[in-house]
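Numbering of ligands and ligand atoms starts at 1, following listing order. Please read these numbers as outputs of a predicted model, since none were measured by experiment.
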Amino acid sequence: MARVYNFSAGPSMLPEAVLQKAASEMLDYQGTGQSVMEMSHRTPEYESIIYGAENVFREIMGVPENYNVLFLQGGASLQFAMVPLNLLGDKKKADYINTGVWSKKAIAEGKRYGKVNVVASSEDKNFNYIPAISKEMFDKDAAYVHITSNNTIYGTRYRAIPDTGDVPLVADMSSNILSEYYDVKKFGVIYAGAQKNLGPSGLTVVIVRKDLVGKALDFTPTMLNYATHAEERSMFNTPPCYSIYIAKLVFEWFRDIGGIKAMQELNEKKAAILYEYLDNSKFYKGTVVPEFRSLMNVPFILTNESLDKEFLKQARNAGLINLKGHRSVGGMRASIYNAMPIDGVKKLVEFMKSFEQANK
Ligand SMILES: *Cc1c(COP(=O)(O)O)cnc(C)c1O
């Protein structure tokens, strides 16, 4: 069977070149006579994979020296707890912005360990925009401010990073890390589950400013303490070896196609093809306030909802899969992460046009 274009919100597509390289190295990784999955992590071969992955990631993301890059497990969801455990410290309170389901989960977890202040929310309009934010809204004594930079379910993203002054900014970047340029220096912590833009699930990447490490609450389990992993360069215990190996291949692919600038341009182009079509159609409708539209997740509805099932069925037959929207928004959602080729987006728009022609 031919490969499909997978519009899933995650896990999602990986670059074909990466899969091919992994396939070619599956049985014998670079003359070691074994696959990376079988390899001890305490070997020079594996060390060159994990440290190599870190180095390429630092290069493509522009991570300064005074930040640790950690390769952890537990998904972005475990960071909802690790962030407060590691950062609350003596201040015991934090500010959060609520832009949807993932923010809410982070808020709920934060409340288990400290006082959470929700300073802004877009819940009144089912999270189809990013609330206006100004520096004065934040508590100067908060341990940190938490945002979700891209809201996977609703298809919104921040167009400007909030200025939090001296209070560290923490961002859940799971669904848009490495999709557009971010200045890492503006953040205290950035975290992302790998399965959207970085590689396979099972790996979570955390970028944390070094001065924020080592202040975990007393009862923090060893495995949930950033210091544990920072001191051991993500090898305190067995890391998710194979996921890190694939992530390294993704990072190298990313670097070789021109890095963040080239990727951002490509993503803007891909998203524009889809949004332009939606804006000119009466048959389909985008659901997000245009100013806050995501480059990665594009939700839209069919104005005639009764056609939803047929749309999904015919799309699947055309090799365009996982277009069903999240139940809290309804309709469709096309997730067009870094690894989605521009041809996949063009093919989707062609399909949407012909479906519109046949059903209007
Ligand atoms: C997918 C997603 C999560 C959950 O990630 P897991 O790795 O499954 O825990 C959290 N936040 C955002 C923004 C996401 O898109």
Derivation of the side chain to side chain contact (heavy atoms under 4.5 Å, CB included) call for F71 and V69: CA-CA 7 Å; F71 294 142; V69 171; 4.0 Å; yes
is_close_aromatic(H146, Y96), centroid dist under 6.0 Å: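 So the answer is yes for these two rings.
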Once rounded to the nearest 0.5 Å, what's the spacing between atom [atom1] of [X] and atom [atom2] of [Y]?
X: N176; Y: N151; atom1: CG; atom2: CG; value: 9.0 Å
X: I301; Y: D308; atom1: CD1; atom2: CG; value: 9.0 Å
X: Y191; Y: S174; atom1: OH; atom2: OG; value: 6.5 Å

Test applied, side-chain contact (heavy atoms from CB on, under 4.5 Å); reference residue, T287; option that passes from V298, V329, L278: V329
Neighbour list for ligand 1 [protein residues, heavy atom under 4.0 Å]: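 Contacts of ligand 1 under 4.0 Å: G75, A76, S77, F80, W102, T148, N150, T152, D172, S174, S175, Q195, K196.
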